[in-house]
Asks: 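Just passing along the structure, written as structure tokens.
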Amino acid sequence: MTNYFCTLFDSGYLIKGMAMMESLVEWCPDAHIFVLCMDQKTQEILTAFNRSYITCIALADIETPELLEAKKSRGVAEYCWTLSPCLPTYVLQHHPEIDFITYLDSDLLFYSPIRPILDEIGDRSIAIIEHRFAPRLQDREVNGRFCVEWVSFRRDEEGMRCLSRWREQCIEWCYYRLEDGKMGDQKYLDEWPVLYPKCHIIAHPGAGIAPWNYEKLRFTEDSSGQIFVDGAPLIFYHFHQFQLLADGDFDRLSAFYTSVCREPDPVYAAYEAALMRALSEIRTISPGFSGGLREAGAVARRRWAQRYIPFGVKRVLHRLLRY
């Protein structure tokens with residue numbers, strides 16, 4: 001049975017998106033992924049790859065008049081968040097054979113079979129996952145208890161009612177600020193467990209690991225190199241803040257996280273290797289491709305600021321960032 005997923009990204013996230021999809025198919029061989037290509041370059045490269053498990057969707061195909069109107073007042077990130085519920089809606093409308101679909105963020109990497117998550121969801125209509133903030137970051141839950149990194153919908157009455165309402169809400173308001181109980185696309189999810197009895201909160205300890213929760217977890221490896229989180233296999237990690245640099249280096253995380261607890265090195269080393277493989281493949285199609293590669297000098301300046309700007313100011317600045 002095919003498992004259906006969807007994601008969206010532009011050429012600035014193409015390397016990350018390719019790494020995510022390659023890892024997903026490695027651990028879920030029956031996966032099929034619909035990709036909303038946010039620019040022409042992304043669509044051209046993915047089409048040239050001719051991967052049987054990828055279906056490209058052009059941005060123009062999904063943009064309704066109401067979306068185009070909303071786009072006028074949204075930043076790039078805000079518009080991508082606006083599209084989060086619009087993409088699975090579009091896929092389900094155009095593919096009546098699909099009964100269940102999962103939206104994924106493009107900056108994830110999968111490390112082991114996803115079957116435990118799917119088995120856990122079972123026949124539920126909706127599936128979401130909490131941020132699971134570390135204790136010192138618990139106050140950040142004001143911006144959203146749940147993370148729009150894995151959101152599943154079943155083609156049944158409750159699943160479609162939830163998806164339709166979320167789409168309407170995001171088109172009406174989806175901005176990079178906390179306002180009247182709203183924040184981007186994610187704060188809307190807070191009420192789902194109350195509104196929808198068939199909404200499942202994913203509980204697997206190896207799912208949804210990220211910078212905002214890794215410091216409270218214990219990472220181990222077995223003799224084969226498999227990574228475990230508190231004794232459970234790591235299934236996927238969310239690489240918030242991660243940057244590829246034009247000089248071939250990487251900028252993993254800001255000191256806001258690493259000054260308290262260093263990032264789990266094996267997790268990041270695997271991601272870096274996956275990104276380099278993806279970049280190498282992309283350059284077979286588009287030699288010299290540099291989408292998403294940041295200049296090392298800009299990163300050096302940020303690191304200087306982290307070292308010398310007072311901690312209290314850094315906390316204020318950091319809260320302006322979405323996770």
Asks: In terms of hydrophobic clustering (I, L, V, M, F, W, Y; side-chain heavy atoms under 4.5 Å; direct or indirect links), are Val260 and Phe219 co-clustered?
Replies: no
Asks: Please test Tyr237 against Tyr271 for ring pair (Phe, Tyr, Trp, His ring centres under 6.0 Å), starting from the C-alpha separation and ending with a verdict.
Replies: CA-CA 9 Å; Tyr237 190 99; Tyr271 190 48; 8.2 Å; no
Asks: Do Ser73 and Tyr175 get their side chains close enough for a donor-acceptor pair, meaning under 3.5 Å?
Replies: yes
Asks: Would you confirm whether the ring centroid of Phe236 sits within less than 6.0 angstrom of the ring centroid of His238?
Replies: no
Asks: Are any side-chain N or O atoms of His95 and backbone N or O atoms of Val91, one a donor and one an acceptor, separated by less than 3.5 Å?
Replies: no
Asks: Does atom CD of Glu172 have more than 12 heavy-atom neighbours, drawn from other residues, nucleotides or ligands, at distances under 6.0 Å?
Replies: no
Asks: What are the two closest heavy atoms between Ile121 and Ala127, and how far apart are they?
Replies: CD1-CB, 3.5 Å
Asks: CG of Leu178 to NZ of Lys187: how many Å apart, nearest 0.5 Å?
Replies: 6.5 Å
Asks: Is Lys198 salt-bridged to Glu158, going by a charged N under 4.0 Å from an acidic O?
Replies: no
Asks: Please check: side-chain N/O of Ser280 versus main-chain N/O of Met276, any donor-acceptor pairing under 3.5 Å?
Replies: no
Asks: Report the C-alpha separation of Glu120 and His204 in whole Å, then their side-chain angles, then the decisive distance to 0.1 Å, and conclude whether the side-chain hydrogen bond (donor to acceptor under 3.5 Å, both in side chains) test is met.
Replies: CA-CA 8 Å; Glu120 180 187 326; His204 193 286; 6.0 Å; no
Asks: In sequence, state the C-alpha distance, the side-chain angles, and the governing distance for Leu14 and Phe289, and then conclude on side chain to side chain contact (heavy atoms under 4.5 Å, CB included).
Replies: CA-CA 10 Å; Leu14 177 59; Phe289 179 85; 3.8 Å; yes
Asks: Are Tyr268 and Phe239 an aromatic pair by the rule of ring centers under 6.0 Å?
Replies: yes
Asks: Is a side-chain N or O of Arg115 found less than 3.5 angstrom from the main chain of Trp27, in a donor-acceptor match?
Replies: no
Asks: Hey, is OH on Tyr13 packed in by over 12 heavy atoms from elsewhere, all under 6.0 Å?
Replies: no
Asks: Closest approach of Phe133 and Gly144, non-hydrogen atoms and distance?
Replies: CE1-O, 3.9 Å
Asks: Taking Glu22 first and then Arg51, would you say they form a salt bridge - that is, a charged N and a carboxylate O separated by under 4.0 Å?
Replies: yes
Asks: Determine whether Trp173 and Leu195 fall in the same hydrophobic cluster, where Ile, Leu, Val, Met, Phe, Trp and Tyr are linked whenever their side-chain heavy atoms lie under 4.5 Å apart.
Replies: yes
Asks: Test side chain to side chain contact (heavy atoms under 4.5 Å, CB included) on Cys86 and Leu83 and set out the steps.
Replies: CA-CA 5 Å; Cys86 300; Leu83 293 170; 4.3 Å; yes
Asks: Would you compute the distance between atom CD1 of Ile45 and atom CE of Met18 and round it to the nearest 0.5 angstrom?
Replies: 9.5 Å
Asks: Could you go through the side chain to side chain contact (heavy atoms under 4.5 Å, CB included) check for Phe110 and Cys28 one step at a time?
Replies: CA-CA 9 Å; Phe110 292 86; Cys28 182; over 6 Å; no
Asks: Once you round to the nearest 0.5 Å, how far does OG of Ser286 lie from NZ of Lys41?
Replies: 3.0 Å
Asks: If two hydrophobic side chains count as joined below 4.5 Å and joins carry through other members, does Phe5 share a cluster with Phe49?
Replies: yes
Asks: Is Glu191 salt-bridged to Arg165, cutoff N-O under 4.0 Å?
Replies: yes
Asks: Look only at the side chain of Asp39 and the backbone of Ser11, and say whether a donor-acceptor pair between them is shorter than 3.5 Å.
Replies: yes
Asks: Could you tell me whether a side-chain N or O of Asp190 sits under 3.5 Å from a main-chain N or O of Arg145, the two making a donor and an acceptor?
Replies: yes
Asks: How long is the span from the CZ atom in Phe9 to the OG1 atom in Thr42, to the nearest 0.5 Å?
Replies: 6.5 Å
Asks: Please test Met21 against Leu46 for side chain to side chain contact (heavy atoms under 4.5 Å, CB included), starting from the C-alpha separation and ending with a verdict.
Replies: CA-CA 11 Å; Met21 294 189 294; Leu46 290 181; 4.2 Å; yes
Asks: Considering all heavy atoms of both residues, which atom of Glu221 and which atom of Pro266 are nearest to each other, and what is their separation?
Replies: OE2-CG, 3.3 Å
Asks: Return yes if some donor-acceptor pair links the side-chain N/O of Asn3 with the main-chain N/O of Thr102 below 3.5 Å, else return no.
Replies: no
Asks: Say you draw a straight line from CG of Asp156 to CZ of Arg161; how long is it, rounded to the nearest 0.5 Å?
Replies: 9.5 Å
Asks: For Tyr188, is the NZ or CZ atom of Arg167 found under 6.0 angstrom from the centre of its six-membered ring and inside 45 degrees of the ring axis?
Replies: no
Asks: Once rounded to the nearest 0.5 Å, what's the spacing between atom OG of Ser112 and atom CD1 of Ile117?
Replies: 8.0 Å
Asks: Do you know which two heavy atoms are closest between Gly291 and Ile15, and how far apart they sit?
Replies: O-CD1, 3.4 Å
Asks: Would you sort out whether Glu97 and Tyr4 count as a side-chain hydrogen bond (donor to acceptor under 3.5 Å, both in side chains), showing the intermediate values?
Replies: CA-CA 11 Å; Glu97 74 279 8; Tyr4 294 97; 4.8 Å; no
Asks: Any non-hydrogen side-chain atom of Trp166 less than 4.5 Å from a side-chain atom of Asp185?
Replies: yes
Asks: Provide the closest heavy-atom pair for Leu275 versus Ala19 in the form atom of the first, atom of the second, distance.
Replies: CD2-CB, 3.9 Å
Asks: Check the hydrophobic clustering (I, L, V, M, F, W, Y; side-chain heavy atoms under 4.5 Å; chains of links allowed) and say if Ile57 and Leu67 are grouped together.
Replies: yes
Asks: Same cluster or not: Phe228 versus Tyr111, using hydrophobic residues (I, L, V, M, F, W, Y) connected whenever any side-chain heavy atoms lie under 4.5 Å apart?
Replies: no
